[in-house]
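Report on the structure given below.
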Amino acid sequence: MSSPLRSSALRAGAGGILLLAAAATLLFLLPDASGKRSRQERAARQAAEERDHQARELAALQQLSDRIREARARMDTVLAGLPQEGTGTLTWALSRTLHDLAAKHGVRLQAVKYGQPSREGTKGTDLEALDVEFAVVGLYPSLKPFMLDLEASPLPFGLNSAKLEETPEGARLTVGLRAFRRTGKILAEEAA
(Lines give C-alpha, C1' and ligand atoms only; values in the text may rest on other atoms or scores of the structure.)
Protein backbone atom coordinates (compact mmCIF):
# COMPACT_ATOMS: atom_id res chain seq x y z
CA MET A 1 0.00 0.00 0.00
CA SER A 2 1.14 3.39 -0.71
CA SER A 3 2.02 5.78 1.93
CA PRO A 4 -0.73 8.36 1.23
CA LEU A 5 -3.36 5.64 1.16
CA ARG A 6 -2.05 4.17 4.30
CA SER A 7 -2.03 7.50 6.07
CA SER A 8 -5.60 8.14 4.89
CA ALA A 9 -6.65 4.75 6.24
CA LEU A 10 -4.98 5.53 9.54
CA ARG A 11 -6.67 8.90 9.63
CA ALA A 12 -10.01 7.32 8.79
CA GLY A 13 -9.48 4.70 11.53
CA ALA A 14 -8.48 7.38 14.04
CA GLY A 15 -11.48 9.46 12.99
CA GLY A 16 -13.74 6.43 13.43
CA ILE A 17 -12.32 5.78 16.89
CA LEU A 18 -12.84 9.44 17.79
CA LEU A 19 -16.36 9.27 16.35
CA LEU A 20 -17.09 6.19 18.54
CA ALA A 21 -15.63 7.99 21.56
CA ALA A 22 -17.83 11.02 20.84
CA ALA A 23 -20.89 8.77 20.43
CA ALA A 24 -20.05 7.00 23.71
CA THR A 25 -19.70 10.39 25.40
CA LEU A 26 -23.06 11.46 24.03
CA LEU A 27 -24.72 8.21 25.04
CA PHE A 28 -23.19 7.69 28.50
CA LEU A 29 -21.52 10.76 29.94
CA LEU A 30 -23.87 13.58 28.88
CA PRO A 31 -27.07 11.96 30.19
CA ASP A 32 -25.26 11.24 33.45
CA ALA A 33 -24.06 14.86 33.65
CA SER A 34 -27.53 16.11 32.77
CA GLY A 35 -29.09 13.86 35.45
CA LYS A 36 -26.49 14.98 37.97
CA ARG A 37 -27.24 18.62 37.18
CA SER A 38 -31.01 18.11 37.50
CA ARG A 39 -30.45 16.33 40.84
CA GLN A 40 -28.32 19.24 42.03
CA GLU A 41 -30.96 21.76 40.93
CA ARG A 42 -33.71 19.73 42.67
CA ALA A 43 -31.58 19.49 45.84
CA ALA A 44 -30.93 23.25 45.75
CA ARG A 45 -34.66 23.92 45.26
CA GLN A 46 -35.57 21.60 48.16
CA ALA A 47 -32.91 23.22 50.36
CA ALA A 48 -34.32 26.68 49.53
CA GLU A 49 -37.86 25.51 50.31
CA GLU A 50 -36.70 23.99 53.62
CA ARG A 51 -34.83 27.20 54.47
CA ASP A 52 -37.95 29.28 53.74
CA HIS A 53 -40.10 26.88 55.80
CA GLN A 54 -37.70 27.09 58.73
CA ALA A 55 -37.59 30.88 58.42
CA ARG A 56 -41.40 31.01 58.60
CA GLU A 57 -41.39 28.68 61.62
CA LEU A 58 -38.73 30.80 63.30
CA ALA A 59 -40.75 33.97 62.66
CA ALA A 60 -43.86 32.31 64.12
CA LEU A 61 -41.90 31.18 67.18
CA GLN A 62 -40.46 34.67 67.58
CA GLN A 63 -43.98 36.16 67.49
CA LEU A 64 -45.13 33.59 70.06
CA SER A 65 -42.15 34.44 72.25
CA ASP A 66 -42.95 38.16 71.99
CA ARG A 67 -46.61 37.54 72.89
CA ILE A 68 -45.60 35.41 75.88
CA ARG A 69 -43.14 38.09 77.01
CA GLU A 70 -45.85 40.79 76.71
CA ALA A 71 -48.39 38.61 78.55
CA ARG A 72 -45.85 37.94 81.29
CA ALA A 73 -45.20 41.68 81.67
CA ARG A 74 -48.96 42.38 81.84
CA MET A 75 -49.39 39.56 84.39
CA ASP A 76 -46.56 40.96 86.52
CA THR A 77 -48.22 44.39 86.39
CA VAL A 78 -51.60 42.92 87.39
CA LEU A 79 -50.08 40.88 90.21
CA ALA A 80 -48.19 43.91 91.50
CA GLY A 81 -51.50 45.83 91.64
CA LEU A 82 -53.41 43.18 93.62
CA PRO A 83 -54.16 44.15 97.21
CA GLN A 84 -52.32 42.44 100.03
CA GLU A 85 -54.75 43.42 102.78
CA GLY A 86 -56.90 40.90 104.64
CA THR A 87 -60.01 39.14 103.36
CA GLY A 88 -62.24 41.38 105.49
CA THR A 89 -60.87 44.52 103.86
CA LEU A 90 -61.41 43.02 100.40
CA THR A 91 -65.02 41.99 101.16
CA TRP A 92 -65.69 45.43 102.62
CA ALA A 93 -64.36 47.14 99.47
CA LEU A 94 -66.47 44.83 97.28
CA SER A 95 -69.61 45.43 99.36
CA ARG A 96 -69.11 49.18 99.40
CA THR A 97 -68.59 49.26 95.62
CA LEU A 98 -71.64 47.07 94.93
CA HIS A 99 -73.90 49.17 97.17
CA ASP A 100 -72.57 52.49 95.80
CA LEU A 101 -73.09 51.37 92.19
CA ALA A 102 -76.58 50.01 92.97
CA ALA A 103 -77.58 53.35 94.50
CA LYS A 104 -76.02 55.28 91.61
CA HIS A 105 -77.92 53.33 88.92
CA GLY A 106 -81.23 52.89 90.77
CA VAL A 107 -81.13 49.10 91.00
CA ARG A 108 -81.75 46.90 94.02
CA LEU A 109 -78.97 44.69 95.30
CA GLN A 110 -80.15 41.35 96.70
CA ALA A 111 -78.54 38.35 98.34
CA VAL A 112 -74.83 39.17 98.40
CA LYS A 113 -73.02 35.96 99.36
CA TYR A 114 -69.31 35.62 100.04
CA GLY A 115 -67.60 32.25 99.85
CA GLN A 116 -64.65 31.17 101.92
CA PRO A 117 -61.23 32.31 100.73
CA SER A 118 -59.63 29.55 98.69
CA ARG A 119 -56.21 28.84 97.30
CA GLU A 120 -57.67 26.26 94.88
CA GLY A 121 -56.45 26.92 91.37
CA THR A 122 -53.73 29.27 92.63
CA LYS A 123 -51.27 26.68 93.88
CA GLY A 124 -47.66 27.77 93.72
CA THR A 125 -48.59 31.44 93.99
CA ASP A 126 -49.36 33.79 96.84
CA LEU A 127 -52.89 34.40 95.53
CA GLU A 128 -56.11 33.70 97.35
CA ALA A 129 -59.50 33.69 95.61
CA LEU A 130 -62.81 34.77 97.11
CA ASP A 131 -66.07 33.91 95.33
CA VAL A 132 -68.86 36.49 95.53
CA GLU A 133 -72.38 35.97 94.26
CA PHE A 134 -75.13 38.57 94.18
CA ALA A 135 -78.36 39.43 92.43
CA VAL A 136 -79.43 42.83 91.13
CA VAL A 137 -83.04 43.68 90.25
CA GLY A 138 -84.11 46.65 88.16
CA LEU A 139 -84.84 47.81 84.66
CA TYR A 140 -82.51 46.60 81.95
CA PRO A 141 -81.45 50.15 80.95
CA SER A 142 -80.21 50.57 84.55
CA LEU A 143 -78.59 47.12 84.84
CA LYS A 144 -76.36 47.59 81.82
CA PRO A 145 -74.55 50.72 83.11
CA PHE A 146 -74.35 49.10 86.56
CA MET A 147 -72.40 46.16 85.08
CA LEU A 148 -70.26 48.42 82.90
CA ASP A 149 -69.28 50.53 85.93
CA LEU A 150 -68.63 47.37 87.97
CA GLU A 151 -66.35 46.01 85.26
CA ALA A 152 -64.52 49.35 85.08
CA SER A 153 -63.94 49.47 88.84
CA PRO A 154 -60.35 49.00 90.03
CA LEU A 155 -61.31 46.03 92.19
CA PRO A 156 -59.27 42.85 91.65
CA PHE A 157 -61.96 40.49 90.39
CA GLY A 158 -62.95 38.52 87.37
CA LEU A 159 -66.47 37.83 86.16
CA ASN A 160 -67.20 34.17 86.78
CA SER A 161 -70.82 33.98 85.64
CA ALA A 162 -73.79 36.18 84.79
CA LYS A 163 -77.41 35.27 84.18
CA LEU A 164 -80.15 37.67 83.13
CA GLU A 165 -83.79 36.70 83.56
CA GLU A 166 -87.14 38.46 83.49
CA THR A 167 -89.16 38.62 86.73
CA PRO A 168 -92.37 40.43 87.74
CA GLU A 169 -90.16 43.01 89.53
CA GLY A 170 -88.16 43.67 86.34
CA ALA A 171 -84.93 42.22 85.05
CA ARG A 172 -82.92 40.13 87.49
CA LEU A 173 -79.18 39.78 86.98
CA THR A 174 -77.41 37.09 88.97
CA VAL A 175 -73.65 37.60 88.95
CA GLY A 176 -70.76 35.49 90.20
CA LEU A 177 -67.41 37.19 90.73
CA ARG A 178 -64.07 35.81 91.80
CA ALA A 179 -61.98 38.37 93.66
CA PHE A 180 -58.26 37.94 94.26
CA ARG A 181 -55.81 39.12 96.84
CA ARG A 182 -52.18 38.43 97.61
CA THR A 183 -51.37 36.68 100.86
CA GLY A 184 -47.70 37.55 100.74
CA LYS A 185 -46.60 33.95 101.27
CA ILE A 186 -46.34 30.87 99.15
CA LEU A 187 -46.94 27.69 101.08
CA ALA A 188 -44.02 25.26 100.74
CA GLU A 189 -46.14 22.17 100.09
CA GLU A 190 -48.11 23.95 97.36
CA ALA A 191 -45.01 25.23 95.61
CA ALA A 192 -43.45 21.76 95.47
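These numbers come from a predicted model, not from an experiment.
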Problem set entry | Full working for side-chain contact (heavy atoms from CB on, under 4.5 Å) between Lys144 and His105 | CA-CA 9 Å; Lys144 183 177 177 181; His105 295 288; over 6 Å; no
Exercise. Say you draw a straight line from CZ of Phe157 to CG of Leu130; how long is it, rounded to the nearest 0.5 Å?
Worked result: 12.5 Å
Problem set entry | Same apolar cluster: Val137 and Leu150, side chain cutoff 4.5 Å | no
Exercise. Pick one: which of Lys163, Glu133, Met147 meets side chain to side chain contact (heavy atoms under 4.5 Å, CB included) with Val175?
Worked result: Met147
Exercise. Is there a donor-acceptor contact under 3.5 Å from the side chain of Ser142 to the main chain of Gly138?
Worked result: no
Exercise. Out of Val107, Val112, Thr174, which one pairs with Val136 under the side chain to side chain contact (heavy atoms under 4.5 Å, CB included) rule?
Worked result: Val107
For this session: State the CG-OG distance between Leu109 and Ser95, to the nearest 0.5 angstrom.
Result: 8.5 Å
Exercise. To the nearest 0.5 Å, what is the distance between OG1 (Thr91) and CG (Leu98)?
Worked result: 11.0 Å
Exercise. Have Arg69 and Ser65 got a donor and an acceptor in their side chains that come within less than 3.5 Å?
Worked result: yes
Exercise. Honestly curious: do Leu143 and Leu148 fall in one hydrophobic cluster under the side-chain, below-4.5 Å linking rule?
Worked result: no
Problem set entry | Pairwise distance NE2(His99) to CZ(Phe134) - rounded to 0.5 angstrom | 10.5 Å
Problem set entry | Between OH on residue Tyr140 and CD on residue Glu166, distance to nearest 0.5 Å | 11.5 Å
Exercise. Does CD belonging to Glu57 count more than 12 external heavy atoms closer than 6.0 Å?
Worked result: yes
Problem set entry | Approximate separation, where rounding is to 0.5 Å, of Asn160 CG and Leu177 CG | 8.0 Å
For this session: Begin from the C-alpha positions of Glu169 and Arg108 and carry the test salt bridge (charged side-chain N to carboxylate O under 4.0 Å, His left out) through to its verdict.
Result: CA-CA 10 Å; Glu169 302 170 330; Arg108 213 167 20 132; 3.4 Å; yes
For this session: Please check if Leu164 and Leu101 belong to a single hydrophobic cluster, counting links between Ile, Leu, Val, Met, Phe, Trp and Tyr side chain heavy atoms closer than 4.5 Å.
Result: yes
For this session: Would you list the pairs meeting salt bridge (Lys or Arg N to Asp or Glu O under 4.0 Å) in which at least one residue belongs to residues 92-106, sequence neighbours left out?
Result: Lys104-Asp149
Exercise. Which ILVMFWY residues are connected to Leu64, directly or by a chain of links, through side-chain heavy atoms under 4.5 Å apart?
Worked result: Ile68
For this session: Would you please say whether a donor-acceptor pair under 3.5 Å links the side chains of Glu49 and His53?
Result: no
Exercise. Judged by modelled atom types alone, do Glu50 and Gln54 share a side-chain donor-acceptor pair under 3.5 Å?
Worked result: yes
